[in-house]
Colleague: 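Please read through the structure below; I'll follow up with questions.
Letters A, B, ... are given to chains in the order of the sequence lines, protein chains preceding strands, and every chain is numbered from 1.
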There are 2 protein chains.
Amino acid sequence: MTKQRELILQILTHSDRHLTADEVFFLAKLQMPSIAMATVYNNLNAMTDAGMINRVHVDGSADCFEKDTDPHDHLRCTTCGKLANVSLPWLKDRLHQAVGTDISGYDLTVHYICPECRKKI
Amino acid sequence: MTKQRELILQILTHSDRHLTADEVFFLAKLQMPSIAMATVYNNLNAMTDAGMINRVHVDGSADCFEKDTDPHDHLRCTTCGKLANVSLPWLKDRLHQAVGTDISGYDLTVHYICPECRKKI
DNA sequence: TAATAGATTTAGATTTATTCTAACTTTTAC
DNA sequence: GTAAAAGTTAGAATAAATCTAAATCTATTA
């Protein structure tokens, strides 16, 4: 647990939204100007592998990272692109039944219009 | 419908698997050596937008394309990476119920070990 | 405390997938 | 048959992520 890793973990912990590696890098640089992009990626990858943080693949743009490692899925606003978490505890079993073979997991993003964007229409 | 677009569509129609833009380019070049990568991407994007073909986002590697435009989801082998189609007609309604708000769609990839890879273990 | 091995970080180059640009070619419309 | 529009081409550009090699930090042993 180096200073760099600690800083990156702090940033994710205190963010109220999902952050890209680029955003983490920008925020980290404010507090530690010498930090390198490769360090951010190294640590995000290492912490993801260790199960300390969660990587979210976003179609057509950069991956995002979040502190929340409880199993959950994502809603993505088709207007502003923002991600929200949603818990679908029934889904994995239901998929296992439907597919008929053992599944190790799945990746789901549901497309919707978030409450803020819905207001603006 | 240019010659190039027709060729690309033929390639997708006659392929038994999901193809990346790169693979389409390679196969197209065999029959039309002058074809450019940009043309492949232009046409894949245009045909995707027109609903003639389907783009599949694959975590950590290049997008794939397929002729099948019936709504369906994907299984991805965690060992060899190959994609298979699966139909889950109940899922969209079930997600709509669970999320509680209108959803325009979703993206799902289920991780499993395909029959061929399973044999080799 | 000094030497050293191992891990980590840094800066920058590299890779990969994709898009952009500008010149050229083909097609279409008059 | 010519002009405008659309499409293609080659290569440059971009963005996300990884790799490399040198530098630095950390912990351990002497």
Colleague: Which pairs pass salt bridge (charged side-chain N to carboxylate O under 4.0 Å, His left out) with one or both residues in residues 51-66 of chain A, sequence neighbours excluded?
Modeller: A:R55-A:D63
Colleague: Please state how far atom CG in B:D22 lies from atom P in C:dT15, giving the value in whole angstrom units.
Modeller: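 Rounded to whole Å, this separation is 15 Å.
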Colleague: Take atom CE of B:M47 and atom C1' of D:dG7, then tell me their distance rounded to the nearest Å.
Modeller: 14 Å
Colleague: Nearest whole angstrom, please: distance from the P of C:dT18 to the CG of B:N45.
Modeller: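 About 9 Å, once rounded to whole Å.
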Colleague: Using only side-chain N and O atoms of B:Y41, determine if any of them is under 4.0 Å from OP1 or OP2 of C:dT19.
Modeller: no
Colleague: Under the ring pair (Phe, Tyr, Trp, His ring centres under 6.0 Å) rule, collect the residues that match up with A:H72, sequence neighbours excluded.
Modeller: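 With sequence neighbours excluded, A:H72 shows a ring pair (Phe, Tyr, Trp, His ring centres under 6.0 Å) to A:H74, given in chain and number order.
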Colleague: Can you tell me the distance, in whole Å, between the CD atom of B:E6 and the P atom of D:dG7?
Modeller: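 My rounded result for the distance is 14 Å.
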Colleague: Any salt bridge (charged side-chain N to carboxylate O under 4.0 Å, His left out) involving residues 4-27 of chain B? Give me the pairs, sequence neighbours left out, ordered by first then second residue.
Modeller: B:R17-B:E23
Colleague: Mark yes or no for whether A:T48, through its side chain, and A:L44, through its backbone, hold a donor-acceptor pair below 3.5 Å.
Modeller: yes
Colleague: Between the protein and nucleotides 9-13 of chain C, are there any N/O to N/O pairs under 3.5 Å, and if so, what are the atom names and distances?
Modeller:
{"residue": "C:dT9", "atom": "OP1", "partner": "A:T2", "partner atom": "OG1", "Å": "2.5"}
{"residue": "C:dT9", "atom": "O3'", "partner": "A:Q4", "partner atom": "NE2", "Å": "3.2"}
{"residue": "C:dT10", "atom": "OP1", "partner": "A:Q4", "partner atom": "NE2", "Å": "3.4"}
{"residue": "C:dT10", "atom": "OP1", "partner": "A:S34", "partner atom": "O", "Å": "3.3"}
{"residue": "C:dT10", "atom": "OP1", "partner": "A:S34", "partner atom": "OG", "Å": "3.3"}
{"residue": "C:dT10", "atom": "OP2", "partner": "A:A36", "partner atom": "N", "Å": "3.1"}
{"residue": "C:dT10", "atom": "OP2", "partner": "A:T39", "partner atom": "OG1", "Å": "2.7"}
{"residue": "C:dT10", "atom": "O5'", "partner": "A:S34", "partner atom": "O", "Å": "3.4"}
{"residue": "C:dA11", "atom": "OP2", "partner": "A:S34", "partner atom": "O", "Å": "3.4"}

Colleague: Taking only distance into account, with no hydrogens and no angle test, what donor-acceptor pairs under 3.5 Å do side-chain atoms of residues 93-104 of chain B form with protein atoms, sequence neighbours excluded?
Modeller:
{"residue": "B:T101", "atom": "OG1", "partner": "A:R118", "partner atom": "NH2", "Å": "3.0"}
{"residue": "B:S104", "atom": "OG", "partner": "A:H111", "partner atom": "O", "Å": "3.4"}

Colleague: Do B:L91 and A:L91 have side-chain heavy atoms sitting under 4.5 Å apart?
Modeller: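 Yes, their side chains come closer than 4.5 Å.
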Colleague: Within the structure provided, determine whether B:I121 and B:I113 are in side-chain contact (heavy-atom separation under 4.5 Å).
Modeller: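 In short, these two side chains touch, coming nearer than 4.5 Å.
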Colleague: With side chains defined as the heavy atoms from C-beta onward, is the minimum distance between A:D68 and A:N54 less than 4.5 Å?
Modeller: no
Colleague: Contacts to DNA chain D from residues 50-68 of chain A, heavy-atom cutoff under 4.0 Å, which residues?
Modeller: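 Hits under 4.0 Å, by residue number: A:A62, A:D63.
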Colleague: In whole angstrom, give the distance that lies between atom CD1 of B:I8 and atom C1' of D:dT9.
Modeller: 13 Å
Colleague: Rounding to an integer number of Å, can you tell me how far B:M1 CE sits from D:dA6 C1'?
Modeller: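 Interatomic distance, CE of B:M1 to C1' of D:dA6: 15 Å.
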